[in-house]
Amino acid sequence: MTYTIKEVADKVGLSIYTLRFYDKEGLLPFVVRNQAGYREFTDGDLNLIHTICCLKNTGMKISEIRSYIEDVMAGPATIEHRKQILSAHRLKVVAEQQKIAENLEEIDYKLNIYSAPDANEQVKQELQYAVADKVNNHLENPYGAIDG
């Protein structure tokens with residue numbers, strides 16, 4: 001079965017413009033055109049587009065995705081290089097996950113403070129500490145009133 005660019009855009013959640021951009025950037029060399037010059041996509045193409053979206057959504061640069069797709073197009077002889085590309089990218093993704101997890105902990109910490117029965121008192125104490133820190137370092141107090 002084949003699909004038009006509009007059908008593919010709907011199936012994968014990308015705009016037609018994005019698919020055309022990806023094609024122009026060399027990410028879709030596997031997509032062929034029919035006699036009228038229109039792109040015709042297959043289920044196999046959709047699988048590769050899914051991989052491209054995964055790599056893009058996890059922060060891989062277009063140039064790196066292009067290198068990966070070139071390896072895919074070259075066949076099994078490039079498996080080791082593909083593994084290197086994906087392993088290096090995986091390390092970056094895991095590091096990003098760790099940063100996000102740390103940031104989520106801080107967000108949860110603050111939400112717990114603001115949800116506590118003594119939230120007003122805890123926030124006042126945080127503010128008093130921040131103001132005292134400025135004063136102790138001979139700096140202006142940029143904060144508003146401590147009361148409130």
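Count residues from 1 along the sequence.
- The shortest side-chain heavy-atom distance between L139 and V135 does not fall under the 4.5 Å cut-off.
- Scored by the side chain to side chain donor-acceptor pair (under 3.5 Å) test, T2 finds no partners at all (sequence neighbours excluded).
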Please lay out, stage by stage, how Y22 and I62 fare under the test side-chain contact (heavy atoms from CB on, under 4.5 Å). CA-CA 9 Å; Y22 284 178; I62 296 285; 4.1 Å; yes
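- Remark: K110 pairs with E126 by the side chain to side chain donor-acceptor pair (under 3.5 Å) rule, at least two apart or across chains.
- To the nearest 0.5 angstrom, M60 atom CE is 8.5 Å from C54 atom SG.
- Shown here are the side chain to side chain donor-acceptor pair (under 3.5 Å) partners of Q97, two or more places apart in sequence or in another chain: there are none.
- Sorted by first and then second residue, the salt bridge (Lys or Arg N to Asp or Glu O under 4.0 Å) pairs with a member in residues 8-37 read K6-D10, D23-R33, D23-R39, E25-R66; sequence neighbours excluded.
- In this structure, F30 and I69 have side chains that are in contact, with non-hydrogen atoms separated by less than 4.5 Å.
- Between the side chain of T78 and the backbone N or O of G75, at least one donor-acceptor pair lies under 3.5 Å.
- When hydrophobic residues (I, L, V, M, F, W, Y) are linked wherever their side-chain heavy atoms come within less than 4.5 Å, Y38 remains an isolated member.
- In this structure, Y109 belongs to a hydrophobic cluster whose other members, linked by side-chain heavy atoms under 4.5 Å apart, are I113, Y114, V123.
- For the pair N34 (side chain) and G37 (backbone), a donor-acceptor distance under 3.5 Å is present.
- The salt bridge (Lys or Arg N to Asp or Glu O under 4.0 Å) analysis of residues 130-142, with sequence neighbours excluded, yields no pairs.
- When hydrophobic side chains of Ile, Leu, Val, Met, Phe, Trp and Tyr are connected at separations under 4.5 Å, V94 ends up as a singleton with no cluster partners.
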Would E96 and K99 count as a salt bridge (Lys or Arg N to Asp or Glu O under 4.0 Å) here? Give the steps. CA-CA 5 Å; E96 188 64 28; K99 279 195 262 180; 3.5 Å; yes
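- Side-chain contact annotation: Y3 with D45, donor-acceptor N/O pair under 3.5 Å absent.
- Residue pairs satisfying the salt bridge (Lys or Arg N to Asp or Glu O under 4.0 Å) criterion with at least one member in residues 77-94, sequence neighbours excluded, are listed as follows: E64-K92, E80-K83.
- Residue pairs meeting the side chain to side chain donor-acceptor pair (under 3.5 Å) criterion with at least one member in residues 49-60, sequence neighbours excluded: T58-H89.
- One N or O on the side chain of N141 and one on the backbone of Y143 form a donor-acceptor pair closer than 3.5 Å.
- Annotation: side chain to side chain donor-acceptor pair (under 3.5 Å) contacts of Y68 (sequence neighbours excluded): none.
- When the salt bridge (charged side-chain N to carboxylate O under 4.0 Å, His left out) test is applied to E40, no partner is found at least two apart in sequence or on another chain.
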Take L28 and I52 through the test side-chain contact (heavy atoms from CB on, under 4.5 Å) and record every step on the way to the result. CA-CA 9 Å; L28 308 179; I52 290 167; 3.8 Å; yes
